[in-house]
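In the text below, chain A, chain B and the rest are named by the order of the sequence lines, each starting its count at 1. Keep in mind that the numbers below use all heavy atoms, side chains included, and drop hydrogens, waters and symmetry copies.
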There are 2 protein chains.
Amino acid sequence: MSRKTEQTRARILQATLDQLASASPEKTRVSDIAKAAGISRQALYLHFPTRAELLIAATKHLDAQVDIDASLAESRAAATGEARLSAFIRAWAAHIPVIYPVGRALMAMQDTDPEARAAWADRMAAVRHGCAAAVAALARDGRLRDDLSEDRATDLLWTLLSVRVWEQLTRDCGWSEAAYLAEITRQARAALLSA
Amino acid sequence: MSRKTEQTRARILQATLDQLASASPEKTRVSDIAKAAGISRQALYLHFPTRAELLIAATKHLDAQVDIDASLAESRAAATGEARLSAFIRAWAAHIPVIYPVGRALMAMQDTDPEARAAWADRMAAVRHGCAAAVAALARDGRLRDDLSEDRATDLLWTLLSVRVWEQLTRDCGWSEAAYLAEITRQARAALLSA
DNA sequence: CCGTCAACTTGACACAGTGTCAAATTATCG
DNA sequence: CGATAATTTGACACTGTGTCAAGTTGACGG
């Protein structure tokens, strides 16, 4: 892959993210993205075989830029389970708005494209993994609600932290991100911690 | 509107609900529904102008069949705010699986069709109204968390009871409906009630 | 300075699904 | 039975994705 190919590829990916962020993701067409990248629609297909793969690649491109692992470092380093839970929620709450535009596009494709479905499921599985780690830390401290298995607790936390919940609270209900963070943290503690 | 027209209309609506329930709603085409109803695709368009309107009509048809108001009677009759909350959640939890297939189809169209969006938003607004009533009853009893406005509390309950949350817990996580009901009720109490 | 090869453009087309139209046919109802 | 409403058949426009082929541009090595 030549220097130029790589440059164009990056340009397309950036144009994809820009376009998704500015217009409603669902009605962003391949031709819109190509135009934003300054190439023809057909040229875009020389780099990415399908719309779904383009979106998936854009997600990875975004990941490479933001380095989610760094923001999770605080969570991993936490001394107690409770601290770990708080730090995890804080990191994730800060991350959602970043991935939301492309996430929305990917979610909208879930029904029609199995690849997009798998890609999004994969990312959500990573979040679930983080939830599970926080739950395990709580359990280790003996702070997990005793009528809840770790699996159930993970399901609950994962659902509480889902993009859909964030979307409804911040977009439909108009909550600020700070209000979301505060209330969801409280909610997660109420859901998981023993009395 | 003649007898026959009404019969056909009802047959189409029922076929729509059946089809939506048996196949994945997003990929149920107008032609599939017409076939299930035993008429031609074009004949279906004589009764419903667009796919969106058909889905909306199917939702109303379903409503007429199930009589949601009756199941909410217990909630409205509740003596205390807490009883009202529990009864409301119970009624809604029983109702979600019923409306889920058509709701899923409507949700999938939200991005492309403004009418479908409005129709679904309207139904969700009705749920929100029920949430608000339960919250108001709690407030009247002085049982509402004092650091929460009624609006905020309603937002929270409404989100907790959203179809997406139900979907994730019961479909993705495999929770039984009973488990969903128990945990969401607990969650709602933890979210709203003062200590 | 000139080929060559890769990247890109232009324009055409197939395909699926929605929605529209007109003409012919079949039911239904008074 | 006859008028009219309901339905069928078949064709077509439109949108967006994805494919294909032929021609153009430009960078780079010899």
Whole angstrom value for the distance that separates P of C:dT9 from NZ of A:Lys35: 14 Å

A:Arg9 CZ to C:dA6 P: how many Å, rounded? 19 Å

Just by modelled atom types, is the A:Gly103 backbone N or O under 3.5 Å from a matching donor or acceptor in the A:Trp120 side chain? no

Residues of residues 43-60 of chain B with any non-hydrogen atom less than 4.0 angstrom from an atom of DNA chain C: list those, numerically ordered, please. B:Tyr45, B:Pro49, B:Thr50, B:Arg51

Mind calculating the distance between CD (B:Glu6) and P (D:dA5) to the nearest angstrom? 16 Å

Using 4.0 Å as the upper bound for N to carboxylate O, is an ion pair formed by A:Glu74 and A:Arg90? yes

Looking at A:Glu167 and A:Arg164, is any side-chain nitrogen of the basic one under 4.0 Å from a carboxylate oxygen of the acidic one? yes

Between A:Arg84 (side chain only) and A:Ala77 (backbone N and O only), is there a donor and an acceptor less than 3.5 Å apart? no

A:Arg29: partners by side-chain hydrogen bond (donor to acceptor under 3.5 Å, both in side chains), with sequence neighbours left out: A:Asp32

Please report, rounded to the nearest Å, how far the C1' atom of C:dG19 is from the CD1 atom of B:Ile33. 14 Å

Whole-Å gap separating P (C:dG17) and CZ (B:Arg29): 4 Å

Which letter, B, S or -, goes with each nucleotide of nucleotides 25-30 of chain C from 5' to 3', with contact meaning a protein heavy atom under 4.0 Å? --SSS-

Between C1' of C:dT18 and CZ of B:Arg41, the distance in whole Å: 7 Å

Looking only at the side chains, is there a donor atom on one of B:Gln19 and B:Gln14 sitting less than 3.5 Å from an acceptor on the other? no

Quick check against the 3.5 Å criterion: does B:Asp141 have a side-chain atom that pairs as donor or acceptor with the backbone of B:Thr80? no

May I have the distance from A:Glu115 (atom CD) to D:dT17 (atom C1'), rounded to whole angstrom? 14 Å

For A:Thr8 and C:dC8, is the shortest distance between a side-chain N/O and OP1 or OP2 below 4.0 Å? yes

Please determine if a side-chain N or O atom of A:Thr5 lies less than 4.0 Å away from the OP1 or OP2 oxygen of C:dA7. yes

Side chains of A:Arg143 and A:Ser194: do they bring a donor and an acceptor to under 3.5 Å? yes

Rounded to the nearest Å, what distance is computed from the CD atom of residue A:Gln42 to the P atom of nucleotide C:dA6? 21 Å

Please determine whether a side-chain nitrogen of the Lys or Arg among A:Arg189 and A:Glu82 lies less than 4.0 Å from a carboxylate oxygen of the Asp or Glu. yes

Mapping B:Gly38 and A:Ser31 onto DNA chain D by nearest heavy atom, which one lands closer to the 5' end? B:Gly38

